[in-house]
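Down below is the structure, laid out as structure tokens.
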Amino acid sequence: MKAYIADRAGSSHADKHKYDIKDGLAAAGVGVGNLISTALVKAATFGIILFFYNLTPLYVPTSWWSFPLCYIVVDFCRYWAHRVSHEQRFWWATHVTHHSSEQYNFTVSFRLGWTQHIKVIFFVPAALLGFDPFVFFICMQIGVLYQFWIHTELIDRMWAPIEFIFVTPSHHRVHHATEEKYLDKNYGSSLIIWDRMFGTFCPEQETPNYGILTPVNSYNPVKLVFHEHMAMFHDMMEYRHPKAWWRIIFHGPGLTLDKEKHYGFYKYKDGQVPSASDAQQDKEVGQETPGNVVV
């Protein structure tokens with residue numbers, strides 16, 4: 001098995017990533033918290049889907065064929081929910097917990113943010129298409145269960161047709177990697193065809209390193225879940241301007257802002273009005289970098 005999963009440098013996944021018991025226990029703690037949060041908001045999420053289902057004039061009969069059709073629609077919605085969760089910091093805060101481990105094993109599938117349920121709004125199109133809420137939630141749950149087995153280094157490449165259509169452990173290892181060429185790749189949940197269609201696909205080329213670019217360095221489940229929320233709130237308190245807040249919340253997780261130039265109380269240095277060239281420079285409000293976005 002080791003020879004089968006060895007990378008080009010000759011080291012296997014098992015050799016490169018030793019199992020961390022504390023990391024596994026932290027994942028279990030996050031998982032328990034996620035179960036509790038899920039139980040508390042399940043009725044609310046069902047109510048949202050039911051509300052929009054009752055609004056639409058469209059109707060898809062509950063039949064054997066409606067389940068695979070709904071699954072494809074839900075998987076498409078999940079691709080975009082996942083992608084936005086890496087491209088906008090507000091949503092990244094609900095998802096970063098899943099990427100914070102430097103391990104890659106089945107326990108990672110339990111590391112789910114306790115605020116992730118607000119992403120139900122990305123699945124409203126499935127309700128508006130007329131799929132029965134019962135069919136919808138069955139497909140949603142199957143999609144969640146599918147993602148468990150892809151969090152492993154024990155399976156290398158699979159049969160080519162499977163690799164072309166479905167998300168496999170190889171694809172998802174890329175998604176959790178920190179190498180620059182792997183960032184923002186392979187968002188698919190069950191089907192990798194969305195990444196191939198929208199230009200976010202990348203094959204696994206060597207054994208990745210996992211985690212986020214700014215490590216949390218903690219096994220505390222509460223900190224693992226809320227550290228990005230707190231960091232975002234801290235930045236908003238530092239850059240007290242609506243334009244800055246908008247960029248902090250809805251631009252990339254790696255956004256950097258120049259407080260001295262653009263935010264705060266807009267005081268000129270030494271009481272001097274800036275020149276035209278300085279004013280033109282000040283139109284640039286920040287620079288977005290990969291930052292914490294790790295796929």
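Y59 OH: more than 12 foreign heavy atoms inside a 6.0 Å radius. At most 12 heavy atoms of other shown residues, nucleotides or ligands fall within 6.0 angstrom of atom CH2 in W159.
Once rounded to the nearest 0.5 Å, the distance linking OG1 of T178 with CD1 of I212 reads 10.5 Å. Considering OG of S85 and CZ of F90, their distance stands at 10.0 Å, rounded to 0.5 Å. Taken from CZ in F233 to CD in E228, the straight-line distance is 14.0 Å, to the nearest 0.5 Å. Between the CZ atom in F201 and the CD1 atom in I192 there is a gap of 6.0 Å [rounded to 0.5 Å]. To the nearest 0.5 Å, atoms CD1 (I249) and CG (D235) are separated by 10.5 Å. Here the NZ-CD1 distance, from K243 to I248, works out to 13.0 Å after rounding to the nearest 0.5 Å.
Residue H234 forms a side-chain contact (heavy atoms from CB on, under 4.5 Å) with just one option from M230, M237, E238, and that option is E238. Each of F106, F110, Y104 was evaluated against H151; a single residue qualifies, Y104, per the ring pair (Phe, Tyr, Trp, His ring centres under 6.0 Å) test.
By the 4.5 Å heavy-atom criterion applied to side chains, Y182 and P208 are counted as neighbours. Side-chain contact between F226 and T115 is present, with at least one heavy-atom pair separated by less than 4.5 Å. Residues L145 and F148 form no side-chain contact, since every pair of their non-hydrogen atoms from C-beta on lies 4.5 Å or further apart. With a 4.5 Å cut-off on side-chain heavy atoms, T152 and I155 count as touching. Side-chain contact between H82 and S189 is absent, with no heavy-atom pair separated by less than 4.5 Å. Between F166 and H171, the closest side-chain pair of non-hydrogen atoms is not below 4.5 Å. Using a 4.5 Å cut-off on side-chain heavy atoms (C-beta onward), K119 and V84 make no contact. Contact annotation: the side chain of S109 never approaches that of Q147 to less than 4.5 Å [non-hydrogen atoms, C-beta and beyond].
Using cut-offs of 30° and 60° for the angle between ring planes, the H176 and H98 rings count as perpendicular. Ring-plane geometry between W92 and H86 is classed as tilted, the angle between the planes lying from 30 to 60 degrees on a 0 to 90 degree scale.
Under 3.5 Å, the side chains of Q141 and Y146 contain no donor-acceptor pair of N or O atoms. For the residue pair E153 / N105, no side-chain donor-acceptor distance below 3.5 Å is found, with atom types taken as modelled. Neither side chain, N220 nor S218, offers a donor N or O lying under 3.5 Å from an acceptor on the other. Of the N and O atoms on the side chains of E163 and T168, at least one donor lies less than 3.5 Å from an acceptor on the other residue.
A donor-acceptor pair under 3.5 Å is absent between the side-chain atoms of Q116 and the main chain of H95, judged by distance alone. N54 contributes a side-chain N or O that, together with a main-chain N or O of L50, makes up a donor-acceptor pair within less than 3.5 Å. Without hydrogens or angle criteria, D75 side chain to S190 main chain gives a donor-acceptor distance under 3.5 Å. A donor-acceptor pair is defined here as one N or O able to donate and one able to accept, closer than 3.5 Å; no such pair exists between the side chain of T56 and the backbone of Y53. A donor-acceptor pair under 3.5 Å links the side-chain atoms of T97 to the main chain of L224, judged by distance alone. Formation of a donor-acceptor pair under 3.5 Å by the S66 side chain with backbone atoms of V60 is not found in this model.
The distance between the ring centers of W149 and H172 does not fall below 6.0 angstrom. Taking the six-membered ring for Trp and the full ring otherwise, the centers of W64 and F67 sit at least 6.0 Å from each other. For W91 and F122, the ring centers sit closer than 6.0 Å to each other. Side-chain rings of W80 and F123 stay apart, their centers remaining 6.0 Å or farther from each other.
A single hydrophobic cluster is not seen to contain both V108 and L183; linkage of ILVMFWY side chains at heavy-atom distances under 4.5 Å, directly or through other members, places them apart. Cluster membership for V216 and V222, using ILVMFWY side-chain heavy atoms within less than 4.5 angstrom, is shared. Side-chain heavy atoms closer than 4.5 Å link hydrophobic residues (I, L, V, M, F, W, Y) into clusters, and following such links, possibly through other members, connects F76 to I150. Hydrophobic clustering (side-chain heavy atoms under 4.5 Å, transitive across Ile, Leu, Val, Met, Phe, Trp, Tyr) groups M140 together with I118. W194 and I165 fall within the same hydrophobic cluster, defined by Ile, Leu, Val, Met, Phe, Trp and Tyr side-chain heavy atoms under 4.5 Å apart, directly or through other members.
With sequence neighbours excluded, the residues that form a side chain to side chain contact (heavy atoms under 4.5 Å, CB included) with T200 are Y79, R83, Y187, D195. Among residues two or more places apart in sequence or in another chain, the side chain to side chain contact (heavy atoms under 4.5 Å, CB included) test is passed with I49 by V120, A127, P133, F136, F137.
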Applying side-chain hydrogen bond (donor to acceptor under 3.5 Å, both in side chains), run through E102 and N209 and close with a yes or a no. CA-CA 7 Å; E102 296 180 3; N209 292 294; over 6 Å; no

Does the side chain to side chain contact (heavy atoms under 4.5 Å, CB included) test come out yes or no for V144 and R78, once each step is laid out? CA-CA 10 Å; V144 171; R78 184 174 273 123; 4.0 Å; yes

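For M232 against A93, the heavy-atom pair with the smallest separation is CE-CB, 4.4 Å. K185 approaches G199 most closely through the heavy-atom pair NZ-O, 4.1 Å.
Ion pair R173/E206 not flagged as a salt bridge, since none of the NZ, NE, NH1 or NH2 atoms sits closer than 4.0 Å to an Asp/Glu carboxylate oxygen.
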